[in-house]
Amino acid sequence: MVYLLLISSVVIGVSLGYFFGHQQKLAKRILVLSTGFLLSLTVLEIFPEVFKGDSHHNIGIWVLGGVLLQLILESLTKGFEHGHFHHHGDEKNIFPIALIAGMCIHAFIEGVPLSNTTGEITPYLQGIFVHNIPISFVMGAFLLGHHFNKKIGFAVILLFALASPLGMLLGNYFNPDWQIYILALVSGIFLHISSVIIFESNKNHKLDIEKIIFVLIGIGIAYLGHLAHHH
């Protein structure tokens with residue numbers, strides 16, 4: 001069930017991107033809503049999990065490590081994890097091998113904390129599901145578009161779709177004591193991605209009411225899930 005959800009999130013995002021990738025407003029709304037959800041999930045669900053107890057004194061370092069790791073990965077992926085590119089013309093500069101490596105490392109690490117689960121649809125799994133959709137949306141719009149070799153595009157998408165399930169599978173062979181540190185690492189990645197998208201400058205630094213509304217919707221959905229999960 002968990003494997004199916006991970007792969008289906010990529011299929012849904014790629015399909016949306018392929019058919020609606022030219023609609024920039026739709027892409028932005030999906031991206032911002034998912035960002036609000038991801039930020040809320042990180043604060044409400046993951047942080048309490050990684051910081052509970054007193055046996056992991058250096059856990060904060062791993063959160064910061066996740067932030068730094070994401071900075072490095074973005075040099076390879078040009079911002080695919082954000083569901084967009086930062087600068088016009090980046091499409092021409094993307095080197096497929098670097099893109100594949102960056103995206104697969106990102107997805108693999110996110111899949112590891114799902115190992116040793118019982119198949120329950122946890123808030124973390126929901127977060128990965130929602131997080132994958134805007135990334136896959138851009139993949140569908142760009143890699144299956146007119147300016148890219150579709151065979152390579154499908155290969156990249158397939159590798160990305162399998163990376164998180166592979167991380168989940170191989171995570172079963174990791175030392176269970178590592179799980180909390182990898183989850184902390186992922187929380188840093190999530191924190192970086194969501195904060196960059198939310199706090200990046202709007203055009204002419206004007207207040208973007210629509211962005212705020214969709215962030216709040218994402219936060220609200222995650223909060224309702226949080227309430228449901230803890231009752």
Q: Is the closest side-chain heavy-atom distance between V186 and P113 below 4.5 Å?
A: yes
Q: Measure across H192 and V67 and return the closest heavy-atom pair with its distance rounded to 0.1 Å.
A: ND1-CG1, 4.0 Å
Q: Determine whether I182 and W62 satisfy the following criterion, side-chain contact (heavy atoms from CB on, under 4.5 Å), listing intermediate values before the conclusion.
A: CA-CA 8 Å; I182 297 174; W62 287 80; 5.6 Å; no
Q: Please name all residues satisfying side chain to side chain contact (heavy atoms under 4.5 Å, CB included) with Y18, sequence neighbours left out, ordered by chain then number.
A: L144
Q: Sequence neighbours excluded and cut-off under 3.5 Å, please list the side-chain donor-acceptor pairs for residues 36-47, or say none.
A:
residue: T42; atom: OG1; partner: L38; partner atom: O; Å: 2.8
residue: E45; atom: OE1; partner: H230; partner atom: NE2; Å: 3.3
residue: E45; atom: OE2; partner: H226; partner atom: ND1; Å: 2.8

Q: What distance separates F214 CZ from I198 CD1, expressed to the nearest 0.5 Å?
A: 14.0 Å
Q: In Å, rounded to the nearest 0.5 Å, how long is the span from NE2 of H131 to CD1 of I135?
A: 3.5 Å
Q: Can you sort out the partners of L68 under side chain to side chain contact (heavy atoms under 4.5 Å, CB included), two or more places apart, ordered by chain and number?
A: L71
Q: Does CZ belonging to F154 count more than 12 external heavy atoms closer than 6.0 Å?
A: no
Q: Do T35 and I193 come within less than 4.5 Å of each other through their side chains, counting heavy atoms only?
A: no
Q: May I have the step-by-step check of side-chain contact (heavy atoms from CB on, under 4.5 Å) for I152 and L143, ending in yes or no?
A: CA-CA 8 Å; I152 296 177; L143 297 179; over 6 Å; no
Q: Are L26 and V14 linked, directly or through intermediate hydrophobic residues, by side-chain heavy-atom contacts shorter than 4.5 Å (ILVMFWY only)?
A: yes
Q: Among V215, L216, I217, whose side-chain contact (heavy atoms from CB on, under 4.5 Å) with I213 holds?
A: I217
Q: Please report, to 0.1 Å, the donor-acceptor pairs under 3.5 Å made by any side chain of residues 4-12, with sequence neighbours excluded.
A:
residue: S8; atom: OG; partner: L4; partner atom: O; Å: 3.0
residue: S8; atom: OG; partner: L5; partner atom: O; Å: 2.9
residue: S9; atom: OG; partner: L6; partner atom: O; Å: 2.6
residue: S9; atom: OG; partner: N132; partner atom: ND2; Å: 3.1

Q: Is there a side-chain contact between E210 and R29 (heavy atoms, below 4.5 Å)?
A: yes
Q: Going by heavy atoms in the side chains, are L169 and Y3 under 4.5 Å from each other?
A: yes
Q: What pairs with L166 under side chain to side chain contact (heavy atoms under 4.5 Å, CB included), at least two apart in sequence or on another chain?
A: F108, L170
Q: Could you report the tightest heavy-atom contact between E110 and H106, atom names first, then the distance?
A: OE2-NE2, 2.6 Å
Q: Find the distance between CD (Q179) and CG (N172) and round it off to the nearest 0.5 Å.
A: 8.0 Å
Q: I121 and F129: side-chain contact (heavy atoms from CB on, under 4.5 Å), yes or no, with the steps?
A: CA-CA 10 Å; I121 301 178; F129 184 90; over 6 Å; no
Q: Taking atom OH of Y124 and atom OG of S187, what is their separation to the nearest 0.5 Å?
A: 9.5 Å
Q: Answer yes or no: is there a side-chain heavy-atom contact under 4.5 Å between M168 and L125?
A: no
Q: Run F20 and I30 through side-chain contact (heavy atoms from CB on, under 4.5 Å) and show every step you take.
A: CA-CA 11 Å; F20 303 105; I30 293 175; over 6 Å; no
Q: Are L162 and L73 connected, step by step, through hydrophobic side chains (Ile, Leu, Val, Met, Phe, Trp, Tyr) whose heavy atoms are closer than 4.5 Å?
A: no
Q: Report yes if the side chains of L183 and E49 come closer than 4.5 Å at any heavy-atom pair, otherwise no.
A: yes
Q: Any heavy-atom pair between the side chains of F137 and L31 that's under 4.5 Å?
A: no
Q: Side-chain heavy atoms under 4.5 angstrom apart, residues restricted to Ile, Leu, Val, Met, Phe, Trp, Tyr: same cluster for V156 and L158?
A: no
Q: For F19, what residues pass the side chain to side chain contact (heavy atoms under 4.5 Å, CB included) criterion, not counting sequence neighbours?
A: none
Q: Quick check against the 3.5 Å criterion: does S136 have a side-chain atom that pairs as donor or acceptor with the backbone of M139?
A: no
Q: Looking at CD1 of I61 and OH of Y181, how far apart are the two atoms once the value is rounded to the nearest 0.5 Å?
A: 11.5 Å
Q: When rounded to the nearest 0.5 angstrom, what distance separates CD1 in I189 from CD1 in I109?
A: 5.0 Å
